[in-house]
Number of protein chains: 2
Amino acid sequence: MELPAELETFVVHFGEMGSRWGFNRTVGQMLAVIVFTEEPVNADQIANMLSISRGNVSMGLKELQSWQLIRVHHKPGDRKDYFKPAGSIWELALQVLSERRKREVDPTLSLLRSQLMNDHNDERHYANEKVREIHDLLELFNTWFDDIHRMNPESLKTLMKLGSGVGKVLDIKEKISRKK
Amino acid sequence: MELPAELETFVVHFGEMGSRWGFNRTVGQMLAVIVFTEEPVNADQIANMLSISRGNVSMGLKELQSWQLIRVHHKPGDRKDYFKPAGSIWELALQVLSERRKREVDPTLSLLRSQLMNDHNDERHYANEKVREIHDLLELFNTWFDDIHRMNPESLKTLMKLGSGVGKVLDIKEKISRKK
DNA sequence: GTGAATTTTCAGAAATTATTGAAAATTGTA
DNA sequence: TACAATTTTCAATAATTTCTGAAAATTCAC
């Protein structure tokens, strides 16, 4: 199976962006192939389309599975593993955010938490103040994100479209309470 | 100036996380030093505290400035440049998100946009459907984020604390309109 | 304008990360 | 169980990224 010409642009781009999204060039390209190809693809097809080694494909697939972005699919009478996206584009995006939070926020939060546990948590120290501030911010972000993540996609879309609308409501509410 | 012992943990951690946050180990460590130190610090102090070369510090500072995370500060009678955070923790966090959107979302969005411009935008093709879906998702995310970013920190905090509260309101609203 | 203080640049070196491909392990079928 | 198909592993190598430090550029006080 050859890489279809109309996919080339996206494969190249997803490759370039890959490292910014948290994986590497090859893994990004593999994701592009899997997302933009209607039929599930197998490892040999991916290796051929991207001209990379079979071993590299194997590692990349493991990575994409650890991100829960792809799923195995079996075809009757074929022992090969075929891969397809683990959900809709919307679900994949949420999944990427979720994994990134796990990798980018959670470790820091747990360090800050343990730091605040230590009783020598001297509030006079500037650094301790900052630790507290970052901790509270990340904690707020995390609970907010959990909330959001639990919402069904349609409500979430509606909420996002509302955007500053919600903000305006809150601003008005605030102005009123300040006048009291 | 020596690296204060109580900062060591954070410097090491910010270093490890650096690459996940979009810069490299050294730049992460430099950010930690600047954020956790009350007094503005100069390039030589950073180089000494982190035991890295003066040239490396210069490049790192440029990077942090390109992210708009730090600002120059001048002391009277001292020609050296001193550096301090460009804002509160909250503002720095928003700034990181903002820069990352610029680097991680905008390039993809502009590719997808140009792809949809091309008239051979054949809706029968599976790949084109996906292009459209990703485009719409990123567009929605971008306008939402712009909205959010314009809000004042206090309203934003309130909104985040509300979290699923807003979601519940929307869910109820939806259930009602479905019954009609 | 001169020159010392300071910052920036960048070629080469070091460190890190990604890739290959052959061997080992696993899986499924007969 | 035997064996062929398939996947995974991992040591060696290749590619990329980061770092150093000396030289060049800039800045500013006199």
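Predicted, not measured: the structure shown is a model, and the values here were computed from it. Throughout, a chain's letter reflects where its sequence line sits, starting with A, and its residues are numbered from 1.
- Residues from residues 27-42 of chain A that place a heavy atom under 4.0 Å from any atom of DNA chain C: there are none.
- The residue among B:Asp78 and B:Lys62 whose nearest nucleotide of DNA chain C is located toward the 5' end is B:Asp78.
- Near DNA chain D, meaning a heavy atom under 4.0 Å away, the residues from residues 50-58 of chain A are A:Arg54, A:Gly55, A:Ser58.
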Enumerate, atom names and distances included, each donor-acceptor pair closer than 3.5 Å involving a side-chain atom of residues 8-18 of chain B, sequence neighbours excluded.
from	atom 1	to	atom 2	distance (Å)
B:His13	NE2	A:Thr108	OG1	2.7

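- For B:Ser58, the side chain to side chain contact (heavy atoms under 4.5 Å, CB included) partners two or more places apart in sequence, or in a different chain, are B:Arg54.
- Qualifying side-chain hydrogen bond (donor to acceptor under 3.5 Å, both in side chains) partners for A:Asn42, counting only residues two or more places apart in sequence or in other chains: A:Tyr82.
- Each of A:Ser19 and A:Phe83 has a nearest nucleotide on DNA chain D; the 5'-most of these lies closest to A:Phe83.
- Comment: B:Asp146 engages B:Arg101 in a salt bridge, judged by a side-chain N to carboxylate O separation of less than 4.0 angstrom.
- In this structure, A:Arg103 forms a cation-pi arrangement with A:Trp67, its terminal cationic atom sitting closer than 6.0 Å to the ring centre and no more than 45° off the ring axis.
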Atom pairs under 3.5 Å, N or O on each side, protein against nucleotides 27-30 of chain C: can you list them with distances?
from	atom 1	to	atom 2	distance (Å)
C:dT27	O2	A:Arg79	NH2	2.6

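- Under a cutoff of 6.0 Å and an axis angle of 45°, B:Lys157 and B:Trp90 form a cation-pi pair.
- If you measure from atom CZ of A:Phe23 to atom C1' of C:dT17, you get 17 Å, rounded to the nearest angstrom.
- Rounded to whole angstrom, the span from the CG atom of A:Asn24 across to the P atom of C:dT20 amounts to 11 Å.
- Chain A approaches DNA chain D within less than 4.0 angstrom (heavy atoms of the protein), and the contacting nucleotides run 5' to 3' from D:dA4 to D:dC10.
- Side-chain contact check for B:Ser53 and B:Asn56: no donor-acceptor pair (N or O, by modelled atom type) lies under 3.5 Å.
- Residues satisfying the side-chain hydrogen bond (donor to acceptor under 3.5 Å, both in side chains) test with A:Asn48, not counting sequence neighbours, are none.
- Across the helix from C:dG1-D:dC30 to C:dA30-D:dT1, the helix axis at one end is tilted relative to the axis at the other end by 30° (nearest 10 degrees, each axis from five pairs).
- Put simply, the side chain of B:Val72 reaches to within 4.5 Å of the side chain of B:His74, judged on heavy atoms.
- Side-chain contact between A:Asn152 and A:Ser155: present, with at least one pair of heavy atoms (C-beta onward) separated by less than 4.5 Å.
- Here A:Arg113 pairs with A:Glu139 under the side-chain hydrogen bond (donor to acceptor under 3.5 Å, both in side chains) rule; sequence neighbours left out.
- Among residues two or more places apart in sequence or in another chain, the side-chain hydrogen bond (donor to acceptor under 3.5 Å, both in side chains) test is passed with B:Glu91 by B:Ser88.
- Counting heavy-atom neighbours within 6.0 Å of B:Lys62 NZ, excluding the residue itself, gives a total of 12 or less.
- No engagement by A:Asp44 is indicated, since no non-hydrogen atom pair under 4.0 Å with the nucleic acid exists.
- Here B:Lys130 pairs with B:Glu133 in a salt bridge; the nearest charged N to carboxylate O distance falls below 4.0 Å.
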Please table the atom pairs, donor to acceptor, closer than 3.5 Å between any side-chain atom in residues 21-40 of chain A and protein atoms at least two apart or in another chain.
from	atom 1	to	atom 2	distance (Å)
A:Trp21	NE1	B:Glu104	O	3.0
A:Asn24	OD1	A:Thr26	N	3.1
A:Asn24	OD1	A:Val27	N	3.0
A:Thr37	OG1	A:Val33	O	2.6

